[in-house]
Each structure stands twice: as structure tokens, then as C-alpha cells.
Amino acid sequence: MTSVRQDGPVPPTRRDEVAAAGSELIGGPIGRRALLGTSWLTPVRVIVLVALGMFALGMVQKLPCYNGGWFFGATSQYTHACYSDIPHLYAGRGFADGLIPYFDRLPGDMEYLEYPVLTGVFMEVAAWMTPHSGSIQDREQIYWLVNAGMLMICAAVIAVCVTRTHRRRPWDGLLVALAPAFALTATINWDLLAIALTAAGMLMWSRSRPLAAGVLLGLATAAKLYPVLLLGPLLVLCWRAGAWRAYGKAVAGAVASWLVVNLPVMITHDAAGFHIREGWAKFYTFSQERPIDFGSVWLLISQRTGYSLENANTYATLLMILGCGAIGLLALYAPRRPRFAQLAFLVVALFILTNKVYSPQYVLWLTPLAVLARPRWRDFLVWQACEVMYFLGIWMYLAYTGNGDKHQGLPTEGYQLAIALHLLGTLYLCAVVVRDVLMPERDVVRRDGDDDPSGGVLDRRPDVFVLGRAAHRPPRPAVQFEGAPQVRWGVVRD
């Protein structure tokens, strides 16, 4: 079967029945005689405006907490589903007292800030912009607003990067902009910083700039651990394509940028010589020692069986290793080299599914990757619905357990159902992506004639190593027909 690529963007209303049905709200699907590209409202500008609007709605959803839920009555922030770590950690991690992260010891059991260095810098910059006068409540409110403004910039960056990564499918960025779980969780924590850097890194890779992509992924890893996982999919894809020089540049850039951020905080010197600073290591020791917690499959198993699962770290690590091995085999065995976004989504989803904890904002990690891996409204909305149910479920469960004898909220059995919905929704999207890898003709991105628009140097590159058979030859050029100048090239499917 031959797929033909045409010039110009791909209108989603001509390819997606859900998008076509939704477009009825603004006049219906675009017609054949529409004049595209004649307005200043380009796809990027529209999507950024929509993303900022949804972000603002997410801030409005936090108003009950801003007006008192964070400060008076511990359970009201749960019953209104408007909890955020940001105002609580302003005082709880010493920012209100002017303590310097990783250098000054905190009072209490935490001792040091338990976030990676670049996230700690982000938090500290927001603290510098927060007035140090007034009541602690006023300062915590302003601190949340300052962080929300900075995170809004990150949300705009994510929208731009996702929109531009697949050049011929810019409107797929609306999936990120309109994602309900994205708006609800954007200001719970500081994850959007790492996600913005990761999205920018993927954009640079799609533009065949591996060194810049590596630098951005290294910075993202300095803000959150999960972005380093993307180097795994790049490894097997570059192995299959023989693109070792590009991969080496990406790894070198990632290591260099991570060290530039971490070394000034990581290494200390005293009379005993050089050694690792205890404050810098707190994030890693905390992650290792943290018990099983909310939202994880391990908590579900523990609650249902009564086992303590003290070796959850070992189980999670083994499952992650086995899962990564399976993804690697899939990438090397698939009838056509998978797209970078597909493998990136699968490896991060695997990390989330096997992790000891699933905080509600972790859905942000997967949202841009899901859009690039499977830009199909139906599948995306099914997954988002499961995540919204989990978002509501965890807060109602905390309200139930923290309300004394009143038990207003969601009991344990209801929360277990919410965890199961989250797990099943993520597994469903993983299954669809795996099916697209094994059956490339079902991939909505490749159906229009593209190969790997997020692949950069990998895009339309011939294979040099494939498990079980000879490597593929490059796609054959399409035959040019008179009267059809829009045809540039075609891809022969396997």
C-alpha cells in the first residue's frame, strides 16, 4: 500500500471524526475552498491563546483554596479539589525564612529540599520575587501567584513546541491546550519546568539539532528525573538507523548541561577533601527511601492484599528494566522503525505505571508525549477522562481520611477504583501506540505520508539493523503525475 504526502498542513477535521464533530461549535469542518494561511491567527498563536485560557481556568479552579482553603480547615482544600504544594512549601522548605536550598539545613525531618537543583532554583527565584513583608498567608498567596505566572510561561512554551514538532500537523497542539487534566494539575507543583525543557528538546531533535536537543534534555533532567529516559528510545532508534554520531552529540550535550547545573551544588570541600554535598543528594536518597504512596499500583496491591510490599523498590526496578527491554525489542523488530514520540511515550508511561507513587500532576509528563505519539481525539479524551477521575478521586479520598469521624468523601474502595481507572486509561493508550508501531498503516501521522516528523536525523533514514530480517531500503520517490504538482514524495509501506 502506498501513502502519498501532500504539501501544507493536514486539517484535523478531515482526518478525525471527533475533531470534525467538535468543529460544529464554530461552524463545522473546514471546506475545500477555504483560504488557509490568510489570517494573523496562525495555528501556533491560536493554540497558545487557548492554552493560556485553559491555564487561567485552572487557576480559577484553585480560588476556593486561594481564599482560605490552604490556610483554614485542612480538608477544604481536598473537598474543593484545589490543593497545591506551592503555598505550603513556601514556609515548609524555608523560603519564607530566606534559607538557601541544598546549603541550609531545614528544621524538622526533611533536613534539605527534596527537589532536583534546577527546580530548586526555580522555587528560589519565585521566592526572591515574593515580598518579605506582610502575614505569612499573604506571602504564600503571592508566592503561588508568582509561581503560577512563571509556570504559565512554561505552558506556553510547551504549546509552541508541541505545535511545531509535527510541522504538517500543527493543530494537534490543541490536544495539549484543551487537555482538562493539564489545566487542573498545572499549578499543583513545579513539573511544567521540566516538561517545557523536554518539549523544547524534542523540537530541537525534530529539527536535526541533536546537540541542542541533548542540552535541553540535560537541563530537563536537572529539573526532574524522568526526561533522561528519552535517551533510551533515541539509543535504539539510532542503533536501528545507524545514526551514532547524532546520538553521541545528544548524550554529550545532556551530560554537559546536567553537570553545569549540578556541579556547583553537588561538590563541596572541607578539611577532609572533596565529597558529595548532603543537601544535593537529598532528592536521590528521598526517592530511594520513599515508601509506596498514593496512586501507585503497589498501593493498590498492598491495600487489596494486606501485604506491606517492603521490596517495592526492587519490584519496580525489575519491572522497569524488563519493560525497557521489551520496548527496545519492539523498536528493533517492528516492521517499520517506530517514531521517536511513540517510544518516548511508552518509556515514560512505563516509568509512571511501575513507580512507587503517582502524584496527580504526573499526568503532565505524558500529555505532550501522548499528543505526539497518538494525535487522535477519541483515544486522547478517553485517557484524559480516566485521569480527571483520578484527580477527583485522590482529593475526595484525602477528604474522607482527614475528616475524622465525619467520613465525607471517597472511601478506600472508591479510591482504589480511581487508581484502577488511571492505570487502565494509561495502559489503553499504551496498547494503541504499540498497535500503531506493529501496524504502521494504523498510525494517523504516517497515514498522510509522513515518516517520523519528530525524528530529525532519523526521518526517512534507511535502517541498518533490524531484528530477524534484512534492513529496509529508503522509501521510494513517488511518481509525479501531470496535474498533481502538490505531490512531493510517497512512502511505500511494508
Side-chain angles (χ1 to χ4, degrees), residues 84-86 88-89 92-94 101-106 108-124 185 188-195 197-198 217-232 254-255 257-259 261-263 265-268 275-302 308-324 347-366 394 419 422-423 426:
S84 173
D85 288 326
I86 294 172
H88 296 296
L89 296 190
R93 297 299 180 268
Y102 316 111
F103 293 86
D104 293 335
R105 188 180 294 270
L106 302 173
D109 297 332
M110 186 56 65
E111 295 184 336
Y112 292 100
L113 184 67
E114 74 281 20
Y115 286 85
V117 173
L118 201 57
T119 297
V121 172
F122 190 93
M123 299 162 75
E124 179 70 8
T185 61
I188 290 179
N189 205 279
W190 293 269
D191 296 66
L192 285 186
L193 172 62
I195 298 164
L197 290 167
T198 302
L217 288 177
L219 292 176
T221 305
K224 207 76 178 177
L225 184 60
Y226 87 89
V228 73
L229 296 174
L230 271 62
L231 294 176
V255 171
S257 61
W258 186 88
L259 287 175
V261 172
N262 282 271
L263 277 180
V265 180
M266 178 182 179
I267 303 298
T268 186
H275 55 87
I276 300 297
R277 190 182 301 277
E278 184 181 357
W280 174 86
K282 180 62 181 181
F283 165 69
Y284 301 96
T285 57
F286 175 76
S287 300
Q288 178 67 23
E289 297 168 358
R290 188 174 188 175
I292 58 175
D293 210 336
F294 295 114
S296 69
V297 65
W298 310 110
L299 180 66
L300 182 62
I301 294 172
S302 177
S308 61
L309 294 180
E310 296 178 355
N311 295 320
N313 260 334
T314 303
Y315 303 147
T317 302
L318 286 175
L319 280 178
M320 188 67 190
I321 293 173
L322 291 173
C324 287
V347 74
V348 176
L350 174 66
F351 180 69
I352 282 176
L353 291 169
T354 60
N355 201 15
K356 293 182 296 182
V357 59
Y358 179 72
S359 299
Q361 72 272 13
Y362 288 3
V363 67
L364 299 169
W365 302 1
L366 279 179
I394 186 173
I419 296 176
H422 145 64
L423 295 172
T426 305

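Positions are given from 1, in the same order as the sequence printed here. What you see is a predicted model, and the numbers here were worked out from it, not measured in a lab.
- In this structure, V261 and A222 approach most closely via the heavy-atom pair CG1-CB, 3.8 Å.
- The line from CG of N313 to CD of E289 is 9.5 Å long, rounded to the nearest 0.5 Å.
- The structure places CG of L299 at 5.5 Å from CD1 of I292, a figure rounded to the nearest 0.5 Å.
- P227 approaches K224 most closely through the heavy-atom pair CD-O, 2.9 Å.
- R93 is listed as a side-chain neighbour of M110, based on a closest heavy-atom distance under 4.5 Å.
- Ring geometry for Y226 against W365 counts as parallel: the plane angle stays under 30°, on a 0 to 90° scale with 60° as the upper cut.
- With contacts defined as side-chain heavy-atom distances shorter than 4.5 Å, the pair Y315/W298 qualifies.
- A pairwise comparison of heavy atoms in I188 and P360 identifies CD1-CB, 4.2 Å as the closest pair.
- Look at E114 and K282 and you find no salt bridge, because none of the NZ, NE, NH1 or NH2 atoms lies under 4.0 Å from a carboxylate O.
- The only option from W190, F286, F283 that meets the ring-ring contact (aromatic ring centres under 6.0 Å, His included) definition with Y115 turns out to be W190.
- Side-chain contact between R277 and F103 is present, with heavy atoms from C-beta onward closer than 4.5 Å.
- Considering only heavy atoms from C-beta on, M123 comes within 4.5 Å of L113 through its side chain.
- The two residues G295 and I419 make their nearest non-hydrogen contact at O-CG2, 3.6 Å.
- Within the 4.5 Å cutoff, no side-chain heavy atoms of L225 are placed close to those of P116.
- Within the 4.5 Å cutoff, the side chain of L366 has heavy atoms near those of the I352 side chain.
- Of the charged side-chain nitrogens involved, none lies within less than 4.0 Å of a carboxylate oxygen, so that D293 and K356 do not count as a salt-bridged pair.
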L319/L350 under side chain to side chain contact (heavy atoms under 4.5 Å, CB included): CA gap, chis, key distance, verdict: CA-CA 9 Å; L319 280 178; L350 174 66; 5.9 Å; no
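- Side-chain atoms of S359 do not come within 3.5 Å of backbone N or O of Q361 as any donor-acceptor pair.
- For T119 (side chain) and A223 (main-chain N/O), a donor-acceptor pair under 3.5 Å exists by modelled atom type.
- Expressed to the nearest 0.5 Å, how far CE of M320 lies from CG of L353 amounts to 10.0 Å.
- Using a 4.5 Å heavy-atom threshold, the side chains of N189 and L364 count as separate.
- Expressed to the nearest 0.5 Å, how far CG of L300 lies from OH of Y358 amounts to 14.5 Å.
- Between W258 and W280, the angle of the ring planes goes over 60°, which puts this pair in the perpendicular group of the 30/60° scheme.
- In this structure, L192 CG and L197 CG are separated by 11.0 Å, a value rounded to the nearest 0.5 Å.
- Note that CG of L219 is 9.0 Å distant from CG of L193, once rounded to the nearest 0.5 Å.
- The side-chain contact (heavy atoms from CB on, under 4.5 Å) with R290 is formed by just one residue from the set T285, N355, V357; it is V357.
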